[in-house]
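Below, chain A is the first sequence line, B the second, and so on; all start at residue 1.
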Amino acid sequence: MEHASRAASSPLRLTLPDGSVKEFSGPVTGLELAASIGKGLAAAALAVKLDGEMRDLMRPIEHDARVEIVTRKSPDALELIRHDTAHVLAEAVQELFPGTQVTIGPNIENGFYYDFARDQPFSLDDFPKIEDKMRAIIARDEKLVREVWNRDEAVEYFKNTGENYKAEIVHDLPANEDVTVYTQGTWKDLCRGPHMPSTGKIGTAFKLLKLAGAYWRGDSKNPMLQRIYGTAWRDEKELNAYLTMIEEAEKRDHRKIGKELDLFHFQDEAAGSVFWHPKGWTLYRALENYVRRRLDKSGYVEVLAPQLIDSSIFKASGHWDLYGDNMFKITVPPRNGESGGGDGEPKQIGLKPMNCPGHVQIFKQGIKSYRDLPIRMAEFGMCHRNEAHGALHGLMRVRQFVTDDAHIFCTEDQIQSESVAFCELLRSAYTDLGFEIARVRLADRPEKRVGSDAVWDKSEQALHRALKSANLPYDMNPGDGAFYGPKIEFYLRDAIGREWQCGTLQVDFNMPERLDATYIGEDGQKHRPVMLHRAILGSMHRFIGILVEHYVGKFPLWLAPIHAVICTITNDADGYAQEVYQTLSDAGLRVQMDTRPEKINAKIRDHSLQKIPLILVVGKKEADAKTVALRRLDGEAQDIMPLAEAARKLAQEALPPDMNHAG
RNA sequence: GCUGCCGUAGCUCAGGGGUAGAGCACGUCCUUGGUAAGGACGGGGUCGUAGGUUCAAUUCCUAUCGGCAGCACCA
């Protein structure tokens with residue numbers, strides 16, 4: 001049918017990236033276009049971009065458009081290479097393991113995966129064999145040919161070839177829609193495309209990485225498929241750089257560094273819960289106190305609500321029904337003739353999974369006037385969630401955690417200014433912590449939700465407006481809001497480019513309604529306050545995990561659990577070291593002494609490996625002159641200065657960023 | 001929760017049907033040395049837990065707990 005329309009077309013004007021226009025008497029393929037520009041370009045062409053959309057090189061261009069020939073030099077080439085590599089992987093697997101069904105194989109960040117259905121499990125030992133076969137298919141340089149099929153034909157074809165999953169995908173497409181099938185050699189796959197002209201264009205810079213289970217269509221009710229992950233790049237150099245980056249990420253693993261630096265540990269008897277060691281807890285408190293000061297200065301009040309609250313509150317809030325499975329529930333039986341609950345029933349209480357219901361109870365004490373609003377209520381209390389076993393991951397996902405949570409009770413009119421103020425606070429806090437906002441997304445109404453559509457309309461609009469007036473570019477995250485309201489998600493970027501969603505701002509018209517919070521308005525009548533749920537760091541636990549990985553354990557001075565270790569050259573200096581310790585300690589620094597009868601080399605090494613930011617060496621010379629020799633982590637030079645000056649300077653340097661006005 | 005892999009000394013790991021080994025750490029002694037490991041000796045493990053197979057299990061099997069990777073979930 002494409003040929004038919006091709007013949008009927010009129011003159012064609014194609015605008016190149018440099019603004020020049022190429023005219024053709026009728027439709028041309030991307031390859032013909034490339035050839036008309038230059039022979040070299042035609043040879044290098046992989047695909048063509050039509051008004052920003054990538055298309056096959058051999059597909060006729062029928063309409064006027066902005067066009068761009070995609071070559072290997074273009075970053076867009078990665079997308080093509082990875083997708084083609086996924087196809088080659090599928091072909092290789094089917095050649096090697098007959099009877100294996102193919103399903104889907106999309107690109108992901110830095111690579112691709114392909115999901116297979118096969119009774120027998122693949123093993124990592126199969127990878128070299130599969131990679132060899134892939135190389136062979138690439139060497140064959142099979143042409144990738146796009147064909148347009150009728151949907152029913154396609155269903156029939158895939159059924160007949162035993163590809164039930166593919167058949168199901170096609171079957172679920174609208175009945176009158178044609179589908180595209182790509183053939184490479186003798187192998188066919190349902191695919192939207194686009195693809196490069198032949199498998200030889202892939203090159204050799206690919207590698208299979210991981211093997212894992214994945215549900216068919218991402219639904220845990222469906223059968224589990226076997227997913228093979230791979231990565232593919234334009235050349236070996238890019239591939240190696242990526243593999244090195246993976247190693248870097250492994251080196252930064254907060255679980256490993258947490259153990260090495262003696263920050264915290266986990267053990268079987270408290271799965272998903274953290275045992276904070278003195279150094280880790282010092283870091284935790286430094287971070288919590290920082291946030292606390294920022295909130296204090298931003299007009300928040302801090303509270304602490306109970307951890308154990310009767311189920312009635314959670315039933316009213318909706319958490320009991322929607323998230324009950326993930327709550328820790330305690331059944332208290334009647335005792336000594338008392339009734340546990342009333343009616344002689346055992347009492348059901350819940351360990352709070354979040355703070356909002358508790359905060360509403362505090363809000364509801366006494367009568368609130370519109371003059372009292374906004375009330376910004378913060379808490380650093382422990383929340384408990386019975387996370388699925390497989391979800392637990394170091395500090396990143398735990399069952400007991402604290403959020404830098406706060407709820408702003410305000411009027412509808414105040415949503416805007418409160419939201420903007422929060423965005424400013426968040427931005428400033430991220431800067432202080434060494435991050436920047438990488439991305440902002442607005443997550444709107446999910447399927448599982450409470451409240452009327454009218455209320456959701458109002459809430460979503462409020463967030464759109466807030467983001468606009470805070471001047472933050474954002475994109476949408478459809479259907480990912482909380483059950484009580486839409487949310488803004490703030491992502492930060494760490495030192496190796498990974499994005500983490502930490503901050504959040506949620507508008508909630510529902511919770512005040514469900515838990516019956518009211519204030520008296522100017523008109524003397526009762527009104528519902530709006531609740532803004534907001535967090536800057538999100539989970540303190542997770543945020544510390546991110547900090548550890550971001551800084552590889554080399555924390556900025558104000559967060560470092562130990563600021564300085566005083567190392568003696570010989571034990572003759574122990575007395576003076578004690579004086580140094582006292583002076584620095586009095587200046588507010590977190591200091592330790594190392595008077596072991598070890599050589600100074602060993603002491604430097606030990607404390608450097610512990611990522612202690614400052615090492616103060618004292619020997620006879622320093623004791624006589626009342627000085628210290630300062631060595632910074634990863635520094636070469638030593639800096640000799642009078643003790644009093646060192647204490648003053650370092651104490652200043654160790655101040656948290658919000659207190660360091662002189663710095 | 002699902003799939004796969006794993007669980008040996010405080011840590012990192014080797015080993016393997018006949019009741020265990022290295023390095024680091026730890027302890028004692030010697031060493032008092034100016035910026036990333038001074039030396040000697042020594043202590044330390046019912047091989048995650050419970051069953052089963054076997055003359056014999058830390059090793060094989062099953063269950064369970066926990067961990068890792070991914071998926072699902074994430075108020």
Student: Students often get this wrong, so: under 4.0 angstrom with heavy atoms, is A:Ile615 touching a base, only sugar-phosphate, or nothing?
Tutor: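 Counting heavy atoms under 4.0 Å across all strands, no contact is made by A:Ile615.
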
Student: Could you tell me whether a side-chain N or O of A:Glu549 sits under 3.5 Å from a main-chain N or O of A:His254, the two making a donor and an acceptor?
Tutor: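 Side chain of A:Glu549 to backbone of A:His254, a donor-acceptor pair under 3.5 Å: yes, one is there.
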
Student: Scan A:Glu269 against the nucleic acid and name what it touches under 4.0 Å (heavy atoms): base, sugar-phosphate only, or nothing.
Tutor: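 A:Glu269: no heavy atom of the nucleic acid under 4.0 Å.
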
Student: Do the charged groups of A:Asp639 and A:Arg631 touch, with an N to O distance under 4.0 Å?
Tutor: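 Between A:Arg631 and A:Asp639 there is no salt bridge, as every charged N stays at least 4.0 Å from the carboxylate O atoms.
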
Student: Determine, for A:Phe483 and A:Arg449, whether the Lys NZ or Arg CZ falls below 6.0 Å from the six-membered ring centre while staying within 45 degrees of the axis.
Tutor: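 No - A:Arg449 does not lie over the ring of A:Phe483 by the 6.0 Å and 45° rule.
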
Student: Counting the atoms with a prime plus P, OP1 and OP2 as sugar-phosphate, which does A:Lys221 contact under 4.0 Å by heavy atoms, base, sugar-phosphate, or nothing?
Tutor: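 Contact class for A:Lys221: none.
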
Student: When the P atoms of B:C68 and B:A56 are compared, how many Å lie between them, rounded to an integer?
Tutor: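 Straight-line distance between the two P atoms is 37 Å.
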
Student: Centre of A:Tyr113's six-membered ring, under 6.0 Å away, within 45 degrees of the axis: is that where NZ or CZ of A:Arg227 sits?
Tutor: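 Geometry flag: set, cation within 6.0 Å and 45°.
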
Student: Any idea which of B:U35, B:A36, B:U12 is nearest the A:Leu609 side chain?
Tutor: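 Per side-chain heavy atoms of A:Leu609, the pick is B:A36.
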
Student: Using the C1' atom on both, measure B:C60 against B:C24 and round to a whole Å.
Tutor: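 Per the computed distance, 33 Å lies between those C1' atoms.
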
Student: Which atom names give the shortest non-hydrogen contact between A:Val398 and A:Gly272, and what distance separates them?
Tutor: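 Taking every non-hydrogen atom into account, CB-O, 3.1 Å.
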
Student: Between B:G18 and B:C29, how far apart are the two P atoms, rounded to whole Å?
Tutor: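 One P to the other, the span is 41 Å.
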
Student: Using OP1 and OP2 only, check whether a side-chain N or O of A:Lys603 sits under 4.0 Å from B:G34.
Tutor: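 No, A:Lys603 has no side-chain N/O under 4.0 Å of OP1/OP2 on B:G34.
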
Student: Tell me which nucleotide among B:G34, B:G33, B:A37 gets nearest to the side chain of A:Thr570.
Tutor: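 Closest nucleotide to the A:Thr570 side chain: B:G33.
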
Student: By the 4.0 Å heavy-atom rule, please label A:Asn601 as base, sugar-phosphate, or nothing.
Tutor: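 Sugar-phosphate: the residue A:Asn601, judged by heavy atoms under 4.0 Å, touches backbone atoms but no base.
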
Student: Do any N or O atoms from the side chain of A:Gln226 and from the backbone of A:Arg118 form a donor-acceptor pair under 3.5 angstrom?
Tutor: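 Pair found, side chain donor or acceptor close to backbone of A:Arg118.
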
Student: At under 4.0 Å between heavy atoms, what does A:Gln610 touch on the DNA or RNA strands: base, sugar-phosphate, or nothing?
Tutor: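 Nothing, no nucleic acid heavy atom in range.
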
Student: When we call it a touch if two heavy atoms are under 4.0 Å apart, what does A:Asn510 touch: a base, just sugar-phosphate, or nothing?
Tutor: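 Counting heavy atoms under 4.0 Å across all strands, no contact is made by A:Asn510.
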
Student: Given that both distances must come in under 3.5 Å, which nucleotide forms a Watson-Crick or G-U wobble pair with B:G1?
Tutor: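 Base partner found: B:C71.
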
Student: Counting only Watson-Crick pairs (N1-N3 plus N6-O4 or O6-N4) and G-U wobbles (N1-O2, O6-N3), all under 3.5 Å, who is the partner of B:G21?
Tutor: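 Because both required distances fall under 3.5 Å, B:G21 counts as paired with B:C13.
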
Student: Checking the side chain of A:Arg534 only, and the main-chain atoms of A:Asp404 only, is there a donor and an acceptor separated by less than 3.5 Å?
Tutor: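 Confirmed, A:Arg534 side chain pairs with A:Asp404 backbone.
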
Student: Spell out, as yes or no, whether a donor-acceptor pair under 3.5 Å connects the side chain of A:Thr100 to the backbone of A:Gln94.
Tutor: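 Looks like no, no N/O pair under 3.5 Å.
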
Student: Can you tell which of A:Lys251, A:Lys256, A:Arg255 makes a side chain to side chain donor-acceptor pair (under 3.5 Å) with A:Asp253?
Tutor: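 Among the candidates, only A:Arg255 passes.
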
Student: Expressed in whole Å, how much space separates the P atoms belonging to B:A40 and B:A22?
Tutor: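 Here B:A40 and B:A22 have their P atoms 15 Å from each other.
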
Student: For nucleotides 40-42 of chain B, tabulate all protein N/O to nucleotide N/O atom pairs closer than 3.5 Å, reporting atom names and distance.
Tutor:
none

Student: Taking the C1' atom in each of B:U59 and B:C74, what is the distance between them to the nearest angstrom?
Tutor: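 Here B:U59 and B:C74 have their C1' atoms 40 Å from each other.
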
Student: In the structure I gave you, are the side-chain heavy atoms of A:Tyr581 and A:Leu616 within less than 4.5 Å of one another anywhere?
Tutor: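 With C-beta onward as the side chain, the pair stays apart.
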
Student: For a quick check, with a 4.0 angstrom heavy-atom cut-off, what is the B/S/- contact string for nucleotides 67-75 of chain B, read 5' to 3'?
Tutor: SSSBBBBBB

Student: Using a 4.0 Å heavy-atom cut-off to protein, can you give one letter per nucleotide of nucleotides 25-30 of chain B, 5' to 3': B if the base is in contact, S if only the sugar-phosphate is, - if neither?
Tutor: ------

Student: Check every strand shown and say whether A:Leu322 touches a base, only sugar-phosphate, or nothing at a heavy-atom separation below 4.0 Å.
Tutor: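 Nothing, no heavy atom under 4.0 Å.
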
Student: Please check this pair: side chain of A:Glu418 against backbone of A:Cys410, looking for a donor-acceptor N/O pair closer than 3.5 Å.
Tutor: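 Between the backbone of A:Cys410 and the side chain of A:Glu418 there is no qualifying donor-acceptor contact (under 3.5 Å).
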
Student: Could you tell me whether A:Glu579 and A:Lys626 make a salt bridge, using a distance below 4.0 angstrom between a side-chain N and a carboxylate O?
Tutor: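 Yes.
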
Student: Do the side chain of A:Lys352 and the main chain of A:Pro357 share a donor and acceptor less than 3.5 angstrom apart?
Tutor: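 No, the answer is negative, given that no donor and acceptor are paired below the 3.5 Å cut-off.
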
Student: In whole angstrom, give me the gap between the C1' atoms of B:A36 and B:A69.
Tutor: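 Result for the C1' pair: 35 Å, nearest Å.
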
